[in-house]
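Please read the structure below before turning to the comments.
Chain letters run A, B, ... following the sequence lines, proteins first and then strands; every chain starts at 1.
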Amino acid sequence: MLALWTWIVQTLFICLTIDSVGGGILKPCGHIVPESPIIAPNTTFTAVCVLGEECLSDPHLNANQIFWKVKDTYVPKEQYTVLNRTAASVTLENLSSLGGLLTCNILLYGQIEQTIYGIQIRMGWAPEKPKNLRCIVNGQSNMKCQWDPGKETHLETTYVLKSEWPTRQLADCIPPPNVNNSCTVDMVVVYVNMDVWVVATNALGNVSSDRINFDPIDIVQLLPPYNVTVSNSKEMSSILKVSWANPVDKPFEGLKYNIRYRARDASNWTLIPPEDTASTRDSFTVQYLKPFTDYVFSIRCMNIEGRGFWSNWSAESSGVTYEAKPSNAPSFWYTIDPSQGHGYRLVHLKWKTLPRSEANGRILDYKVTLRKGKTSHLSECTNDTKLTLNITDDLYVVSLTARNKVGSSDPSTLTVPGRDFKAHPITNLRAFPKDNELWVEWTPPNEPVNKYVVEWCVFSDNLPCTPEWQQETNTTKLTYLRGNLMKSKCYLITVIPVYNDGPGSPQSVKAYLKQARPSRGPFVRTKKVGKNEAVLVWEHLPVDDQNGFIRNYTIFYRTSSGNETAVHVNSSHTEYTLAPLTSDTLYMVRMAAYTDEGGQDGPEFTFTTPKFAQGEIEAIVVPVCLAFLLTTLLGVLLCFNKLDLIKKHIWPNVPDPSKSHIAQWSPHTPTRHNLHPKDQMYPEGNFTDTDVSVVEIEANEKKPLPEDLKSLDLFKKEKITTEGHSSGIGGSSCMSSSRPSISSNDESESGQNTSSTVQYSTVVHSGYRHQVPSVQVFSRSESTQPLLDSEERPEDLQIIENGGSGDGASPRQQYFKQNCNQDEISPDLSHFERSKQVSSVNEEDFLRLKQQQMSDPRSQASGSGRMKDLEDVSAADHFGASTEGIQRFETIGLEADEGMPKSYLPQTVRQGGYVPQ
Amino acid sequence: MINSIVVPCLLSLLLAPFVLGAPVSLADPINQAYNLALYMQKNTSMLLQTYLQYQGSPFSDPGFSAPELQLSSLAPAAVPFMSWRGLGDGERLVQARGAFSALAQHLQLVSDDQADLNPGNSILLSQLAAARLRAQGLMGNMASVMMALGVSIPPEVDALGPAPFGASAFERKCRGYVVTREYGHWTDRAVRDMALLKAKYVA
């Protein structure tokens, strides 16, 4: 690097020189002192530029015109000092940047810059004092020393490890290239004190470390022993012999050792007491080891006098101790399958393989001995760890031994009691997790216990309980489950005390190694939804989903817009009533189940509260109906009570013409007045409302031939006796205006009802009692209603019915037509029909009508002999004449045509006041 | 010669009470010198064996021995026991130190010879170098003991004198043989010297 910079500077200088020459103005001249400075940062540096004679040949040039530049930056003139005509200096202070090109320049003719000379300033630090010098002798004479060189100097710095004896300077140790913190001395002489120190040197100075003085024998670190081997002894299963080779290259003979060992699967080393290995040797027998166990050894050594350092540990070597007979009997337990009948039962014996530390070798087989009473019943060897025996219900004693190459274990004995054996259980059983284990604690029974058996299994709805088990000594009150337990699983733990004469009653407890949040939340739903409350029900989570003990539930419910409300519910509940709720509202409810580790939400359930509570509608409807019924009843009762009044209003009394005095006092008066049959419908002055009544009698379309009339009439006379009820209706139909029916079914109807059906009236009126009739023309037909039976004598009117009977056709007859005020707006059609009908009417019918009219003295509204109470009608008649002119004309015309009285007319009246002629 | 022996002897007698007054500072250098001599002793036979091994016949022949060969520049270590035993501590040390000084110089000469005769034989050369360095170390230890004993340390002398550059290869091999042999002898003697001092001054 340095060489490179030097080359650059020289090249630059040469270029500048050439440039000057090329300019033809100035030959290279002058130089800077010092030539290649190396300075420490933050120090003051002074350089002097000396002009040569070549420059000074120009009389205009002198040292005053010198100026300095660092790289491309001008140095302020204040830092210049003109020493004399040929030399000027510059003082640079606090140079902090590392390196820089300093040039001495001159201004030619006051404006042309000319570089005279340049130097490269190099910056760096003086070396720091090396610290922490320490040395180690490896083997006999090879010594390595290390030190801390301090901070980087940025300069070429050499480090030399120097050493000397009191009487002699020793050869320097020079580190290899690029190493500045250690050096290895090839040959040192032990047992001679020596001083060692480090000298660091660079362009800015040199510095020595503190000296250290030592005898190299005191800093020796040997290589570790090698070829370590381990061998066992068939005679003793508790010893192993470790052999090794000592390091050769050492300045002393006496060694001491450290021997350490561990079981292969253990991590902690055991160190053999150092005093046992404090002498030079190449083997050692380690005692008190476990049988059939793999041990690992390693060794280190050092000067027996304790001078120097321990070597590194040797490579590990291992060996297995020889087998010994099993030191323990296997854990032994049984289950009984009582399903065998007939005094026999199956005993499933099971035992655990001995752990390696107790097996002390490879177990060859197990020997099971079954005794009943004092005689050995059975003896069986097996490699398996279970055996099933079919035994009687008697008491048995089973013993088990494990055997390896060296011998058999002590027997493990169990008593299988007879049926119905009962013994005390343990008490206060509880289980709890601690330190990632599941611990079980109990209180022993008062009776002496041989041992305890702890069984456990995963408690699940889906899987059957397949118990694992372990055996505990009779002093155990607290143990943990030695198995591969899973988190968030429910374990059912059972503890059984085993007595001399059999096992006691089992006691169980449930526990979790580590609880978790439930896998899912409960499915909540409504059992009943009321207006202001809802009964929620849910089922307990299956144990597989619980993942812990469910401590409580929380019900969250909210409306679609409202805030969520949470309710905490005890974990034992499966039902809860939410109240108060708002009626007719959609609620969303979900439920979370909580274990100790947190909760899990179930699905959301939605329900809507009804608008009315159950029975509320009934509570409203029933009284309303009842009230309605009551009202109706009352109304009906009232109607019955006030029947007369109602009758008076609705069905005005129709005077009985038979009781008319007129009939009596003027029976023979040949009246040709148009008697209005219904004049007496308005007896109480209501008559004024009805303007005019016109009675038309229409003949049946099938007019009987005149020749037949007599016979027909005769026939009708007979019929009238039966049809008499309906004839009177005409008088009571003042409220309804019948109009002639021309429907085609008249024939059939009349055919069928030759005797009972009468189509009889068309009433034209102009409202009754200021009522506006919706239909001006009513058709009333075929009514058999015996209305107004009491007031009217239909027989009296039936005289005009005769035309409808006889040949089966029912003659349609309009008995009367009331012309009301509204007739003006009556459709013309009706008038036309009427006129047609009228024109086609049988003359006889009219005659009959006239007779009838004449026979009713009170209906002679238009007659000359009208009664005083009918004057109003007459007035009304006149009033309506302008509007009913046509009808009236027709009627009058007919009357005129058929004016002559018929001889047979009175015959039609039988019950009336007419006396036959 | 007698004078040179008598003077240190007298000195040692004169200085004895003074030395006895500071026994503590004496034990360490004596022990160190003894241990070094002992350590050197374990290697001397190997050095001689190695040297002979590389010199060829007859040196490398089994059982080669030439006790009659001597170097005038190198005092033999062999000395009558009583003479040795009768020496004062200072004189014994002076003799031994002088001998090892001469040995160190001769070992340098032998190294140079062997570098010439057996170039690249690093085993022999490093052993010769180690022997020379140890000899120098022992000199230093002895000087420390001498200082502790108050014995004046005579300056090192040039034992070799004018360099015998014209020696033949055989002569040089013989010279080397004598040097390595005497190195062993003097080391043995030094061990006994130091043992004597140790027994005397180190409890």
Side-chain angles (χ1 to χ4, degrees), chain A residues 135 137-145 161-174 183-197 211-222 246-256 280 302-308, chain B residues 25 27-44 46-47 93 97-98 100-101 103-105 107-108 111 122-123 125-148 151-156 183 187 190-191 194 198:
Chain A
C135 300
V137 172
N138 297 302
Q140 277 193 84
S141 56
N142 192 315
M143 182 175 78
K144 183 178 185 182
C145 292
L161 181 70
K162 290 182 173 292
S163 56
E164 68 178 17
W165 286 330
T167 56
R168 188 178 297 272
Q169 184 81 37
L170 296 172
D172 291 344
C173 177
I174 298 173
C183 193
T184 300
V185 179
D186 287 336
M187 197 172 289
V188 292
V189 179
V190 293
Y191 300 117
V192 182
N193 284 344
M194 64 191 298
D195 272 356
V196 174
W197 70 101
R211 290 182 174 219
I212 56 172
N213 179 273
F214 54 88
D215 182 345
I217 197 73
D218 292 330
I219 56 167
V220 171
Q221 184 182 36
L222 297 180
N246 287 311
V248 175
D249 183 24
K250 56 182 186 294
F252 43 79
E253 288 302 310
L255 293 175
K256 63 177 182 179
T280 310
M302 71 177 294
N303 186 347
I304 193 171
E305 296 169 14
R307 308 174 79 170
Chain B
S25 62
D28 285 345
I30 289 173
N31 274 331
Q32 204 165 26
Y34 172 74
N35 284 330
L36 178 57
L38 214 56
Y39 172 61
M40 287 162 67
Q41 195 180 29
K42 289 166 188 163
N43 296 298
T44 52
M46 180 182 284
L47 174 66
L93 284 168
R97 184 177 174 274
F100 276 100
S101 174
L103 278 169
Q105 293 171 46
L107 282 167
Q108 181 69 60
S111 288
S122 60
I123 295 173
L125 291 178
S126 73
Q127 285 193 11
L128 286 170
R132 186 174 69 87
L133 200 60
R134 284 163 188 159
Q136 290 173 338
L138 190 57
M139 281 172 64
N141 283 356
M142 286 173 169
S144 298
V145 175
M146 287 162 79
M147 280 173 66
V151 177
S152 64
I153 302 165
E156 281 194 64
Y183 173 75
T187 303
V191 170
M194 293 303 137
K198 197 178 171 184

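Between the A/Asp218 side chain and the A/Arg307 main chain, no donor and acceptor come within less than 3.5 Å of each other. Looking at A/Asp195, its side chain never comes within 3.5 Å of a backbone N or O of A/Glu164 through a donor-acceptor pair. One N or O on the side chain of A/Asp215 and one on the backbone of A/Ile217 form a donor-acceptor pair closer than 3.5 Å.
With a threshold of 4.5 angstrom between heavy atoms, B/Asn141 approaches chain A through side-chain atoms but not through N, CA, C or O. Interface remark: B/Met139 contributes side-chain atoms only to the contact with chain A (heavy atom separation under 4.5 Å). Proximity to chain A involves both the backbone and the side chain of B/Ala130, based on heavy atoms less than 4.5 angstrom apart.
Inter-residue side-chain proximity for B/Tyr183 and B/Leu128 is flagged as unmet; no heavy-atom pair is nearer than 4.5 Å.
If you tally non-hydrogen atom pairs under 4.5 Å between each of A/Glu253, A/Met194, A/Arg168 and chain B, the highest count goes to A/Arg168. Per-residue counts of heavy-atom pairs under 4.5 Å with chain B were compared for A/Thr167, A/Asp186, A/Val189; the largest is that of A/Val189.
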Disulfide bond (SG atoms under 2.5 Å apart) for A/Cys135 and A/Cys145? Distances and angles first, verdict last. CA-CA 4 Å; A/Cys135 300; A/Cys145 292; 1.8 Å; yes
